[in-house]
Amino acid sequence: MDSPGRSCRLFGAQRSLHDLLGGGTAADVVLWRRKEVAGGLLAAVVASWALFYCVPGNTLLSFVSQVLMILLAVLFIWAKAAQLLHRAPPPVPLMKISDKSMSEASEIAGNFVNKVLQDFGNIALGKDSGLFYKVAFVLLLVSIVGRLTDLITLVYTSAVIALTIPALLEKSEEHIARFLEIASTYVQACGGACEEYKCKMTKRSSEKLC
C-alpha cells in the first residue's frame, strides 16, 4: 500500500502534472489555478466557435475587418470632435514593438525553422529511424483526423480539450491512478491465467501424442 504522505500519480510519474506542463503561467491557466483567465479563454473559444462556425457567412477575416473599421471610425470622429471643441484627443497608446522583442522573436522562429529543417534532413538521409516513425505516425494521425473534421473545428476542439482535460486529470489524478493500477493487476492476472491454461492444454496434447 502507498504511504499516507505519498500521493498516487498517473503512470508512476515522480513530478506533478503542473510541473510536467512547464510549471509557469500557461500551466496555471490550463490547470485552472487562475480561474478568471481560464474561464475567460474557454468562454472566448466557445463564443468564437459559435460565431465563426455556426453562423453562416461570418468569417474571422470579415469580423476583424468590421471591428477595426468601427474602432478606427470612432477614434477618427473623436479626434476631429476634440479638435473642434478644444478637448483632449482620444487616449491612444503609443504602439511600437521594440527592437529587442523583434530580435528575440526572429531568433526563436529561426531556431525552430532550423530545427525542423535539420530533422527533415536527418530523416531524408536515414540517420534517425525513431524520428521517422514518430513523424510518420503523427502525419498519419493528422491525415485520419483531417478526413473526419475540418481545421477550424479541430483547433477549437483542441483548445477546449486543453482547457478542460488536464484540470480534470489533476483533480481526479489519485482516483484514476488507483483505477489504472487495479485494472493493470486484473489484466496481469487474466494473462497469467491464460498462460497457465495454455500450458495445461499443451501438456495434455503432448501426453495424448505420446
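Excluded from the calculations below are hydrogen atoms, water molecules and symmetry mates; all remaining heavy atoms, backbone and side chain alike, are included.
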Gap separating the [atom1] atom of [X] from the [atom2] atom of [Y], nearest 0.5 angstrom:
X	Y	atom1	atom2	answer
Ile70	Ser65	CD1	OG	11.0 Å
Leu154	Ile161	CG	CD1	8.5 Å
Thr164	Trp32	OG1	CH2	8.5 Å
Leu139	Ile144	CG	CD1	11.5 Å

Shared hydrophobic cluster for [X] and [Y] (ILVMFWY, side-chain gaps under 4.5 Å):
X	Y	value
Phe137	Val116	no
Val74	Phe76	no
Phe120	Phe132	no
Val37	Val45	yes
Trp49	Val64	yes

Requested in this report: Could you list the residues that satisfy salt bridge (Lys or Arg N to Asp or Glu O under 4.0 Å) with Lys115, not counting sequence neighbours?
Outcome: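 Once residues adjacent in sequence are excluded, the partners of Lys115 under the salt bridge (Lys or Arg N to Asp or Glu O under 4.0 Å) criterion are Asp119.
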Query raised in the report: Taking atom OH of Tyr156 as the centre, does the number of heavy atoms from other residues, nucleotides or ligands within less than 6.0 Å exceed 12?
Result: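 More than 12 heavy atoms, drawn from other residues, nucleotides or ligands, come within 6.0 Å of this atom.
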Query raised in the report: Under 6.0 Å from the CG atom of Asn114, do we count more than 12 heavy atoms belonging to anything else shown?
Result: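 Check passes, neighbour count above 12.
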Query - Taking every non-hydrogen atom, the tightest pair across Ala82 and Pro89 - result: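 Shortest heavy-atom separation between Ala82 and Pro89 comes out as CB-CA, 4.1 Å.
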